[in-house]
Amino acid sequence: MKPAPFSLLIPDTIDEAVSALAEYGDAARVIAGGQSLMAMMNMRLAEPDYLIDIARINELKRIEVTPKGVSVGAAVTQSALASHAEAMAKVPLIAEALTHVGHVQTRNRGTVCGSLCHADPSAELPLLLCLLEGTVTLRSTQGERTLSAESFQTGMLSTAKRADEIVVSAFFPAAPKNARTGFHEIARRHGDFAIVALACIVEERSVRFAVGGVGDTPLAVNWPNLDPASLDEKLNALAWRLGGYDDIHASARYRRELIRRAGATLIRETML
């Protein structure tokens, strides 16, 4: 299928982009890599009158590594981030998760912030932003604001981004220095969206555990001073709390069982 006719705008700066959004509002959509949006447009699930292409804005191509973590501009592709050695050393979980994001070709076009904006609950990067307690910074002609992952990701394929705002960057905090991290994903084929994705941070016996692909948004829980003997009980309670849903890929019951079994394996292996 082909998208409906649209006008393409190519701003040179962030200010030009937000001015265009202010002018066209709901009739405009921002595109960077287009790996999610173009598919929706081809299926006529999205029919914007204007596309604002931000891929050439140099201000949005920055990857900044600080002692606290990694900041990723909205035009940074997933491949560019994966090949940034300093960033991957600071937050190794990103490198691990990115190998599961689509395929080389899609990672070469797809952007980190684009995946966050698409807000698919089965996607890997929203899960990491939730686990690491990251943030997203948005800008409009009214100014700039920064939202936590929990505030930004509001539901399935929905975020708190307003029609007149552009995401300019996302920040992925580094895990505590002495912490161990783990990531595991179950999908029908490598590169598919996850049926269930799991990630954790373990610092001594304190565990932060995140699940994607079961609820409408990724969810993270904290288990301080975890008694290993209570892990199965906690995972079972979490599985029932998330509930899950049936679709063509798996049943809700199967998703809950993955939380129990794969979650226990991931956490125990990370604690070793």
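Only heavy atoms go into these numbers, but all of them, side chains included; no hydrogens, no water, no symmetry mates.
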Heavy-atom count check: over 12 atoms from other residues, nucleotides or ligands less than 6.0 Å from R145 CZ?
yes

Just wondering, more than 12 heavy atoms not from R188 lying within 6.0 Å of its CZ?
no

With side-chain contact (heavy atoms from CB on, under 4.5 Å) as the test, would you mind laying out the steps for L226 and K234 before giving the verdict?
CA-CA 10 Å; L226 176 69; K234 289 184 178 299; 3.5 Å; yes

Any non-hydrogen side-chain atom of L60 less than 4.5 Å from a side-chain atom of V76?
no

Shortest non-hydrogen contact from K90 toward P67:
NZ-O, 3.5 Å

Test item: P11 and I52 side chains (from C-beta on) under 4.5 Å apart, heavy atoms
yes

Heavy atoms of A17 and I57 approach each other most closely as CB-CD1, 4.3 Å

Using modelled atom types only, decide if a donor and an acceptor are shared between the side chain of S79 and the backbone of R107 within a distance under 3.5 Å.
yes

Salt bridge or not between R180 and E203? Use side-chain N to carboxylate O under 4.0 Å.
no

Please check if I10 and V30 belong to a single hydrophobic cluster, counting links between Ile, Leu, Val, Met, Phe, Trp and Tyr side chain heavy atoms closer than 4.5 Å.
no

Note: D26-R162 ion pair, threshold 4.0 Å (strictly below):
no

If hydrophobic clusters are built from ILVMFWY residues whose side chains come within less than 4.5 Å, do L219 and V202 share one?
yes

When you measure from the side chain of E16 to the backbone N and O of D12, does any donor-acceptor pair fall under 3.5 Å?
yes

Does a side-chain heavy-atom distance below 4.5 Å link E124 with F183?
yes

Rounded to the nearest 0.5 Å, how far apart are CG of D192 and OG of S122?
10.5 Å

Is the backbone of L138 close enough, under 3.5 Å, to the side chain of E165 for a donor and an acceptor to pair up by distance?
no

Nearest 0.5 angstrom please: E86 CD to T66 OG1, how far?
9.5 Å

When clusters are formed by joining ILVMFWY residues with side-chain heavy atoms under 4.5 Å apart, either directly or through shared neighbours, do L128 and F209 land in the same one?
no

Using 30° and 60° as the class limits, which term best fits the ring planes of H190 and H103: parallel, tilted or perpendicular?
perpendicular

Considering all heavy atoms, the nearest C200-L266 contact
SG-CG, 4.0 Å

side-chain contact (heavy atoms from CB on, under 4.5 Å) evaluation trace for L116 with V167
CA-CA 9 Å; L116 299 178; V167 168; over 6 Å; no

Do the side chain of R260 and the main chain of L235 share a donor and acceptor less than 3.5 angstrom apart?
no

When every non-hydrogen atom of P173 is compared with those of G134, the smallest separation belongs to CD-CA, 3.5 Å

Tell me whether F152 shares a hydrophobic cluster with I94, the cluster being built from Ile, Leu, Val, Met, Phe, Trp, Tyr side chains joined at under 4.5 Å.
yes

I need the minimum non-hydrogen distance between T217 and T154, along with the two atoms involved.
CG2-C, 3.8 Å

Got V101 and T106 here, is their nearest side-chain heavy-atom distance under 4.5 Å?
no

Between S251 and D246, a side-chain donor and acceptor under 3.5 Å
no

Once you round to the nearest 0.5 Å, how far does OG of S206 lie from CG of N225?
6.0 Å

Could you grab the distance from atom CG of L157 to atom NE2 of H118, nearest 0.5 Å is fine?
5.0 Å

Could you check whether atom CD of E204 has more than 12 heavy atoms from other residues, nucleotides or ligands sitting under 6.0 Å from it?
no

If we only count heavy atoms from C-beta on, is the Y50 to L8 side-chain gap below 4.5 Å?
no

Will you find, in the side chains of T146 and T135, an N or O donor that is under 3.5 Å from an N or O acceptor?
no

Treating R208 as the side-chain partner and L131 as the backbone partner, does any N or O pair qualify as donor plus acceptor under 3.5 Å?
yes

CG-CG distance between L198 and L258, expressed to the nearest 0.5 angstrom:
7.5 Å

Hey, does the side chain of S115 reach the backbone of L125 with a donor-acceptor pair shorter than 3.5 angstrom?
no

Verdict with supporting geometry, D164 and R139, salt bridge (Lys or Arg N to Asp or Glu O under 4.0 Å)
CA-CA 8 Å; D164 66 340; R139 189 182 300 179; over 6 Å; no

Whether N236 side chain and D232 backbone form a donor-acceptor pair below 3.5 Å:
no

Any side-chain heavy-atom pair from L81 and M88 closer than 4.5 angstrom?
yes

Y245 six-ring centre to R255 NZ/CZ under 6.0 Å and within 45° of normal
yes

Any chance you could measure M43, atom CE, to M40, atom CE, to the nearest 0.5 Å?
7.0 Å

Within a strict 4.5 Å, meaning less than it, do heavy atoms of the P224 and R205 side chains meet?
no

Between V221 and L238, is a side-chain contact (heavy atoms from CB on, under 4.5 Å) present by the stated rule, with each step listed?
CA-CA 9 Å; V221 294; L238 177 62; 4.0 Å; yes

Heavy-atom pair with the smallest gap, counting every atom of A149 and L129:
CB-O, 3.5 Å

Report yes or no: do L127 and V112 belong to one cluster of Ile/Leu/Val/Met/Phe/Trp/Tyr joined by side chain heavy-atom distances under 4.5 Å?
yes

Are the side chains of E269 and M271 in touch, meaning some heavy atoms are under 4.5 Å apart?
no

Counting only heavy atoms from other residues, nucleotides and ligands, does the tally under 6.0 Å from CZ of R44 exceed 12?
yes

Ion pair present between E257 and R261, side-chain N to carboxylate O less than 4.0 angstrom?
yes

Stepwise side-chain contact (heavy atoms from CB on, under 4.5 Å) test for I31 and M38
CA-CA 9 Å; I31 188 170; M38 287 310 302; 3.8 Å; yes

Between the side chain of S19 and the main-chain N/O of D15, is any donor-acceptor distance below 3.5 Å?
yes

Quick check, are the ring centers of F193 and H249 under 6.0 angstrom apart?
no

Do we get R256 above W240's six-membered ring, with its NZ or CZ under 6.0 Å from the centre and within 45° of the axis?
yes

